[in-house]
Amino acid sequence: MNRYTVKSRNICSFDDNGKMRVIDGFIVIGDDKIEDVTARVPDGLDILDASDMTVTPGLIDAHTHLVHAGSRENEMSMKQNGVSYLEILKNGGGILSTVNKTRAASKDELKAKALKSLDIMLSHGTTTVEAKSGYGLDFETEIKQLEIARELNDCHPVSIVSTYMGAHAIPAEYRENRRGYVDLMINKVMPYTAENGLAEFFDVFCEDGAFTLDETVELFEAAQKLGFGLKLHADEIVPMGGAELAARFAAASAEHLLAASDAGIAVLAEAGVTAVLLPATAFYLMKGHYARAREMIKAGMRVALATDYNPGSCPTENMQAVMTFAAFGMGLTTEEILRGMTLNAAYAINRQKSIGNIKAGMNADLVIFDAPNPDYIIYHFGINHVDMVIKNGKTVFNHKNHKKTQKKDGKLC
Ligand code: IZC
Ligand code: ZN
């Protein structure tokens, strides 16, 4: 058995009430699990010395659109000139332009692009990621996206939890036949996905210009029968009552919630649905406001934070960027932010028993930040603080190996 210990003055762990405790001590790792967190030096073990650094659970990015082709920087100036996200979509751009590119791309191209993103995620501290399909919208391409996610999960250190999101937009060929597209998902893609274990969750973009509340209900009922966990892009832009619907179905998570009503927040809290908030998206959509995280926390909701990595409304893989917007846009504390990216995020993807905390029995997924305390990670913004990433007990990223020491005339600076 491979056993060693990580030593730090700043081990960020959560107690049974979810309160963060910053421990000065040792994390004992045995193979792929955390065996113990203790203040006393364990006997006879190699020490990985992170004394002056900060150690958190591996970050969990619980909302991404990982597998897709192309990019949409052409939409940036439209947005800056006041054309809204939904107008761009209505005119055949936005999601639908990424669908065209994704359908045209080969499996190898899609996989190579997603792999590049996974590497970036890992180097910024993400050890588990949720990945939604939804850029194929036809049977073949949706399945291709989900298969790529599975293949990458098998070969990459970052774990991938898959969500089938055929209900992301109505594809152009079904524009006059919405019914036909809903039927295709319910009768063909969902059953195939379930039978082949290609996704654990099902998600709908319930939004003006995407899917209606009634369509969402029908899709959720079908998905629930097939055993999918439910997620909802709820009240992202237009307040449609998505929050209330997610509560009614006791979904695993309600995501975005930028425009959620007070009543929506109350019923979500009551139903124990985890909020997945995406403050970098709120920033990038130029909304001028953020989801009401403080009210949600006060109402007793579990609030998770994620990137929403996608080529349109949030092209970043970096959870530390999300920390910045959560702190200075939403006014969340360091503790609330770290909890949102670890403990609470694990609930959003039903992994709370194995990841999201530093305590005995959990998977040994850790991030060592080159920061003297947890606040510093957020305070010194816009850079990558990750020194090392440990996944299942193994070092899978080490900044030192990536550092390029600057030299002039052969001398070290
Ligand atoms: O490609 O625009 N909101 N879906 C719902 C997205 C953003 C992703 C995209
Ligand atoms: Zn999304």
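Counting starts at 1 for both ligands and their atoms, following the listed order. The structure presented is a predicted model; accordingly, all values stated were derived computationally and were not measured. Residue numbers start at 1 and run along the sequence shown.
Proximity of H168 to ligand 1 is established by a heavy-atom distance of less than 4.0 Å. Heavy atoms of S313 approach ligand 1 to within less than 4.0 angstrom. For the ligand labelled ligand 1, residue I95 lies inside the 4.0 Å heavy-atom shell.
The minimum heavy-atom distance between A246 and L268, with the atom names listed, is CB-CD2, 3.9 Å. L96 and A169 get closest at one heavy-atom pair: CD2-CB, 4.1 Å.
Residue E236 places at least one N or O, backbone or side chain, under 3.5 Å from an N or O of ligand 1. Polar contact with ligand 1: present for R72 (N/O pair, distance under 3.5 Å). Annotation: H65 places no N or O atom under 3.5 Å from an N or O atom of ligand 1; distance criterion only.
Close contacts of ligand 1 with N310, meaning ligand atoms under 4.0 Å from a residue heavy atom, involve 1 (O), 2 (O), 8 (C), 9 (C).
For the side chain to side chain contact (heavy atoms under 4.5 Å, CB included) with L305, the lone residue among L332, N344, L278 that qualifies is L332. Each of E142, E173, E140 was evaluated against R103; a single residue qualifies, E173, per the salt bridge (charged side-chain N to carboxylate O under 4.0 Å, His left out) test.
The aromatic rings of Y85 and F205 sit perpendicular, their planes meeting at an angle over 60°, well past the 30° parallel limit.
Counting heavy-atom neighbours within 6.0 Å of D46 CG, excluding the residue itself, gives a total of 12 or less.
Once rounded to the nearest 0.5 Å, the distance linking CG of L89 with NE2 of H168 reads 8.5 Å.
Note: angle at the Zn ion (ligand 2), from NE2 of H63 to OD1 of D308, is 70° (rounded to 10 degrees).
Scanning the protein heavy atoms around atom 8 (C) of ligand 1, the nearest turns out to be Y135 OH, 3.3 Å. With hydrogens left out, the protein atom closest to atom 2 (O) of ligand 1 is Y85 OH, 2.5 Å, a heavy atom.
Residue contact annotation: H256 places no N/O/S atom under 2.8 Å from the Zn ion (ligand 2). For a distance bound of 2.8 Å, the N, O or S atoms of H233 include one lying that close to the Zn ion (ligand 2).
Taking the ring centre of F26 as origin, the terminal cationic atom of K7 falls outside the region bounded by 6.0 Å and 45° from the ring axis.
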